[in-house]
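Below you'll find the structure, written out as structure tokens, and then a few comments.
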Amino acid sequence: MASVTTLERLTADLTVSMKARTAFRTNTVRQAIAAVRAAEKSGPAARELTDEQIQAVLAGEVKRRRESAQIYRDADATERAETETAEADLIEAYLPATVTPEVLDQLVADAIAASGASSLKDMGTVMKAANAAAAGLGRVDGKELSARVRRALQG
């Protein structure tokens with residue numbers, strides 16, 4: 001039996017939430033599906049996205065909502081910020097688990113040891129090796145990985 005794709009999960013969950021009449025979940029899942037459909041139609045020709053590409057679209061949606069939530073918090077619109085955060089959390093549930101900080105530190109240490117890096121000049125080489133090692137482990141925040149590599153190389 002083939003595994004269920006992220007888009008199939010979204011579509012099935014949309015049906016369930018519509019039947020259950022949960023407006024918030026229905027609207028959020030609809031927005032996520034719409035973002036995927038828009039990405040499929042973007043570019044010179046419409047195409048079907050791979051599961052990894054769909055997850056990248058969803059990760060972008062999560063990031064956009066988290067940034068919006070911060071802007072709302074800064075503007076003292078806490079109710080809107082909470083809505084954005086709740087939407088981000090809901091969409092994030094469709095993404096693979098995030099790699100833990102401990103695992104990231106180990107990846108960075110292994111990448112530095114394997115590449116023989118010793119200074120910030122070697123950051124690109126270490127980032128490439130760390131990203132390659134992290135590819136099958138789950139979701140990795142590029143900013144976080146970059147910061148950890150920088151700290152490790154600075155000593």
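- Counting heavy atoms from C-beta outward, R30 and M18 have side chains that approach closer than 4.5 Å.
- You'll find the side chain of Q70 stays beyond 4.5 Å of the side chain of E67, heavy atoms only.
- Residues Y94 and R9 share a closest heavy-atom pair of CD2-NH2, 3.5 Å.
- Atom-to-atom distance recorded for Q31:CD and T26:OG1 is 11.0 Å, nearest 0.5 angstrom.
- The CD atom of E48 sits 8.5 Å away from the OG1 atom of T5 when rounded to the nearest 0.5 Å.
- Atoms OG1 and CD1, from T28 and I33 in turn, are 11.0 Å apart once rounded to the nearest 0.5 Å.
- E92 and V62 make their closest contact through N-CG2, 3.7 Å (heavy atoms, listed as atom of the first residue, atom of the second, distance).
- Among all heavy-atom pairs drawn from L10 and V29, the shortest one is O-CG1, 3.3 Å.
- Taking 4.0 Å as the cut-off between side-chain N and carboxylate O, E61 and R65 count as a salt-bridged pair.
- When all heavy atoms of L95 and Q55 are compared, the closest pair comes out as CD2-O, 3.3 Å.
- T85 places a side-chain heavy atom less than 4.5 Å from the side chain of R73.
- To the nearest 0.5 Å, atoms CD1 (I54) and OG1 (T6) are separated by 6.0 Å.
- Under a 3.5 Å cut-off, the side chain of S42 and the backbone N or O of A39 do form a donor-acceptor pair.
- D13 contributes atom CG, which lies 8.5 Å from atom CG of L90 (distance to the nearest 0.5 angstrom).
- Under the 3.5 Å distance criterion, with hydrogens and angles disregarded, a donor-acceptor pair is assigned to the side chains of D110 and Q106.
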Could you list the donor-acceptor pairs under 3.5 angstrom formed by side chains in residues 121-130, with sequence neighbours left out?
unit_1, atom_1, unit_2, atom_2, d
D122, OD2, S118, N, 3.0
D122, OD2, S119, N, 3.4

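- Here the closest heavy-atom approach between residue E144 and residue R151 is recorded as OE2-NH2, 4.3 Å.
- I91 CD1 to K63 NZ: the interatomic distance, rounded to the nearest 0.5 Å, is 15.0 Å.
- A pairwise comparison of heavy atoms in A86 and F24 identifies CB-CZ, 3.6 Å as the closest pair.
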